[in-house]
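Heads up, the thing below is written out as structure tokens.
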Amino acid sequence: MSPKKSRLTAWRSAAATAALLMGASLPAAALAQTTTAPAASPAPRFAMTDATDPYIWLEDIESERVNAWVAEHNAKSLGTLQADPVYEPLHAQALELLQSRDRIPSASLTRGGKIDNFWQDAEHVRGVWRQTTLDSYLTDNPRWETVLDFDALASAEGANWVYKGSNCLAPDERYCLISLSDGGKDATTVREFDTVERRFVEGGFRFDESKSNFSWVDRDTLLISDAFTEANSTTSGYPRIIRLLKRGQSIEQASVVYEGGVDDMSISAWVLRDVDGVAHGQFITRAIDFYSRETFELTQDGTVVPVPLPAKGGITAIVGGKLVITTDEPWTAPSGQTFETGEVFAYDLEAWKKDKAVQAQTIIRPGEREAIEGISATRNKLVIALYENVRGSVYVYDPADWSRQRLDLPENVTVGIGSTSTENDLLFTSVSGYLTPSTVYLADAATGAVQVAKSLPPKFDASGKIVEQHEAVSKDGTRIPYFVVRAENAPMDGSNPTILYGYGGFQSSLLPSYSATIGKLWLERGGVYVIANTRGGGEFGPRWHQAALQENRQRAHEDFQAVAEDLIARGITSQPHLGIMGGSQGGLFMGAMLTQRPDLINAAVIQVPLFDMLRFHKLLAGASWRGEYGDPDIPEQRAWIAEYSPYQKLAADAPYPEVFIHTSTKDDRVHPGHARKAAARLEELGHEVLFYENTDGGHAAGANLRETARRLALEYTYLTRRLMRDNQAD
């Protein structure tokens with residue numbers, strides 16, 4: 001018996017004893033083994049309160065002590081991984097792919113037949129906002145004109161600007177509010193920009209860094225969702241107060257039109273506009289939690305009136321004089337009509353504005369294995385991306401009678417709705433698969449015609465590789481689909497180095513997509529890549545997500561574990577060659593696998609993770625996720641969260657592999673303290689851990705292309721060391 005197997009056997013025995021002490025039932029054979037020794041008292045549980053957490057100091061974003069700890073760990077991890085012979089080739093390949101100029105430039109249809117694009121390459125590391133015509137975009141060499149160069153702006157101002165998007169005033173979209181982040185944080189500064197003069201407006205709107213939001217009412221008026229101060233923010237750090245601001249006023253001078261509670265997730269204001277930019281009302285959304293909300297209309301006399309809309313769902317489009325609405329739960333309308341979870345329906349807009357009890361028409365009611373992954377509108381048509389068993393299609397609906405036609409796009413791939421035009425019925429759709437380079441189609445929703453607009457050349461050698469879809473059976477019998485990307489002739493003897501990727505939360509679907517870096521840095525080198533479509537995601541609609549909410553979160557963890565077991569049972573891989581990877585909520589996924597089934601894996605890449613689930617709601621935006629996980633301040637909910645919270649579950653005698661954990665100092669969404677505390681606790685317990693913290697980058701863990709290339713090279717160097725070499729003796 002190898003040393004590895006001896007450790008696993010010892011760990012399983014200890015786990016059985018622990019289960020008995022917690023009152024779990026065990027097979028008779030196991031009971032006989034565990035009752036031969038005198039009963040032991042359960043060990044005190046770790047960090048169950050703030051006072052008993054020895055690493056709570058690592059939650060300081062930046063302090064002398066924290067900075068020294070981070071520097072020490074970065075030096076160790078970079079020294080280890082960058083010294084490996086495989087690092088430099090992987091880094092060079094990642095950088096070349098990321099900075100390549102033959103990537104497909106994303107296209108946003110704007111007024112006047114123009115195309116907007118945000119582009120990054122070796123010369124534009126931070127990126128450039130540029131523009132061309134539709135006709136030029138469809139050529140092999142479009143003629144781009146620069147609207148705003150963010151590298152030049154950052155250099156001129158001596159700032160670490162990261163572009164976070166623009167909000168332009170309809171219908172002509174000349175004036176835009178530009179969001180700039182310091183190093184990639186969610187919080188941004190906002191400035192008014194003139195896209196015709198291509199300069200910031202002198203004396204224009206300008207707002208300091210915050211998580212506030214802005215909506216144009218007219219050229220000189222904004223609805224502001226105010227989070228400029230702690231007093232004006234919710235406990236989640238998002239806006240709590242709505243103000244109406246006139247040009248020339250300070251924030252303090254702007255009139256307050258609505259105030260939410262501090263325990264609300266966020267309060268936001270928006271203007272409902274049609275394709276011509278005509279406003280059909282000003283509205284306020286009170287997000288109670290991540291999924292439940294109330295909607296109010298701000299009337300012309302300044303009063304706030306409730307609007308009957310689904311608490312989980314809401315308005316998605318205006319098209320052909322119809323107001324399109326979705327619901328993620330059963331809902332009874334004021335008319336008495338009932339709608340099922342996932343259903344899409346529509347009201348006549350003018351009739352609805354006068355009487356909220358008018359009848360609605362059903363547009364689509366998805367089946368059990370179907371999911372709507374996108375809804376948009378052209379000038380005259382509604383467009384829906386519909387998936388069946390995680391394979392996509394695009395349908396065009398006519399608002400006159402809600403008849404539909406399917407666009408003639410490739411099948412058994414991922415399809416996405418890109419930008420749509422408000423001037424005509426043109427839209428971009430994207431098609432890709434794990435081995436199918438991304439292709440962008442220009443479609444006419446009125447005629448159904450499609451044409452290839454841009455196609456990505458292959459970025460890695462996919463010859464001899466295949467994509468399979470299998471199903472694993474979870475603990476409760478639910479069948480969990482997953483995709484395997486591998487060489488067709490890969491031996492089914494458990495020897496394949498395999499990455500199992502998962503996310504499993506927030507109704508976010510993991511759909512087939514083409515990744516040049518995964519292909520070049522892993523698949524091309526003989527690796528296998530697996531994607532688990534567990535509950536908690538949205539692959540089969542809202543019900544698939546809701547099946548793993550709050551007290552049922554463990555189901556998603558069991559789904560992921562079932563996929564790992566199925567991979568091993570099929571001979572695709574084995575424990576010495578199986579690694580897992582996931583970030584954010586997926587980082588929590590990795591922590592649950594690490595603490596619950598370490599016997600299945602030999603590597604874990606844990607990216608910008610949630611880890612201390614007893615304190616997640618107290619850190620940065622964490623309070624906004626109570627709708628997903630529950631509230632640790634409520635005893636009943638704290639109990640079910642404590643059952644899987646990885647930070648508290650880490651143990652000295654478990655057979656953890658060396659793990660790689662990384663985060664970002666500038667992440668102001670998921671607190672870097674989660675990752676730091678996980679690494680510190682693992683080290684205290686005697687386990688090997690590589691920890692890396694990028695001082696920039698935000699939640700995406702990369703403020704520019706060079707930083708992203710370094711992160712990717714570190715990850716795949718680590719995975720090579722753990723899974724592709726015969727040195728996994730631990």
Side-chain angles (χ1 to χ4, degrees), residues 58 70 73-74 77-78 81 90-91 94 98 183-186 499-506 508 510 513 515 517-518 521-522 527 529-532 534 536-537 556-557 560 578-595 601 603-613 616 619-622 625 646-647 656-680 682 689-705 707-723:
L58 284 169
V70 169
H73 284 76
N74 280 356
S77 299
L78 292 176
L81 296 175
L90 290 176
H91 180 260
L98 291 169
K185 295 185 290 186
D186 284 356
I499 300 171
L500 171 57
Y501 186 89
Y503 185 78
F506 295 96
S508 179
L510 297 182
S513 62
S515 170
T517 52
I518 292 172
L521 276 61
W522 190 250
Y529 193 71
V530 180
I531 301 87
T534 68
H557 303 152
F560 194 64
L578 178 59
I580 56 174
M581 177 187 288
S584 191
Q585 147 62 32
L588 170 61
F589 238 35
M590 302 307 105
M593 174 70 96
L594 184 70
T595 53
I601 61 173
V605 178
I606 305 175
Q607 308 160 318
V608 290
L610 284 159
F611 221 84
D612 183 356
M613 296 304 292
F616 81 90
L619 302 175
L620 297 176
W625 309 322
Y647 184 53
Y656 304 144
E658 174 192 65
V659 300
F660 178 37
I661 304 172
H662 66 74
T663 188
S664 168
T665 309
K666 291 289 178 68
D667 189 343
D668 56 349
R669 191 180 313 170
V670 175
H671 197 292
H674 284 281
R676 296 168 182 168
K677 289 163 60 174
L682 281 165
V689 57
L690 293 171
F691 174 90
Y692 172 65
E693 182 168 323
N694 181 9
T695 55
D696 286 325
H699 192 54
N704 60 55
L705 297 179
E707 291 171 357
T708 301
R710 177 170 59 179
R711 174 181 59 81
L712 288 167
L714 292 172
E715 289 177 342
Y716 286 99
T717 298
Y718 161 80
L719 291 165
T720 299
R721 291 163 60 89
R722 297 297 307 172
L723 307 180

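Computed from a predicted model, the values in this text were never measured in an experiment.
Separating the OH atom in Tyr692 from the OG1 atom in Thr663 is a distance of 11.0 Å, to the nearest 0.5 Å. The distance from atom CG of Leu682 to atom CD1 of Ile606, rounded to the nearest 0.5 Å, is 7.5 Å. Taken from OH in Tyr647 to CG in Leu588, the straight-line distance is 15.0 Å, to the nearest 0.5 Å. With rounding to the nearest 0.5 Å, the separation of CG in Leu712 from CG in Leu521 is 7.0 Å. Considering CD1 of Ile580 and CE of Met590, their distance stands at 5.0 Å, rounded to 0.5 Å. With values rounded to the nearest 0.5 angstrom, Leu594 atom CG is found 5.5 Å from Ile601 atom CD1.
Summarising the geometry of Ala680 relative to Leu58, their closest heavy-atom pair is CB-CD1, 3.8 Å, with the distance given to 0.1 Å. Ala556 and Phe589 make their closest contact through O-CZ, 3.4 Å (heavy atoms, listed as atom of the first residue, atom of the second, distance). The minimum heavy-atom distance between Asp667 and Pro672, with the atom names listed, is O-CD, 3.6 Å. Closest approach of Gly579 and Leu723 over heavy atoms only: N-CD1, 3.6 Å. Between Ala675 and Ile661 the shortest heavy-atom distance is CB-CG2, 3.6 Å. Pro646 approaches Ala592 most closely through the heavy-atom pair CG-N, 3.8 Å.
Here the side chain of Asp668 pairs no donor or acceptor atom with the backbone of Leu620 at under 3.5 angstrom. Remark: side-chain polar atoms of Tyr718 are paired, donor with acceptor, to backbone N or O of Ala604 under 3.5 angstrom. Between the side chain of His674 and the backbone N or O of Asp612, at least one donor-acceptor pair lies under 3.5 Å. Of the possible donor and acceptor atoms, none in the side chain of Thr517 sits under 3.5 Å from a partner among the backbone N and O of Ala94. Judged by distance alone, the side chain of Gln585 and the main-chain N or O of Gly504 form a donor-acceptor pair under 3.5 Å. With hydrogens and angles ignored, the 3.5 Å screen pairs no side-chain donor or acceptor of Arg722 with any backbone N or O of Ala603.
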Quick one: do Phe691 and His662 satisfy ring pair (Phe, Tyr, Trp, His ring centres under 6.0 Å)? Show the steps, please.
CA-CA 6 Å; Phe691 174 90; His662 66 74; 9.2 Å; no
Can you check side-chain contact (heavy atoms from CB on, under 4.5 Å) on Leu714 and Leu78, steps first, answer last?
CA-CA 8 Å; Leu714 292 172; Leu78 292 176; 3.8 Å; yes
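Relative orientation of the Phe506 and Trp625 rings is perpendicular, given thresholds of 30° and 60° on the angle between their planes.
When side chains are defined from C-beta on, Gln607 does not count as touching Ser584, because their heavy atoms never get closer than 4.5 Å. For the pair Tyr656 and Val689, the minimum side-chain heavy-atom distance is 4.5 Å or more. At a threshold of 4.5 Å between non-hydrogen side-chain atoms, the residues Phe660 and Thr717 do not count as touching. Taking 4.5 Å as the limit, some side-chain heavy atom of Ile518 sits within range of a side-chain heavy atom of Tyr716.
The pair Arg711-Glu715 counts as a salt bridge, with a side-chain nitrogen and a carboxylate oxygen less than 4.0 angstrom apart.
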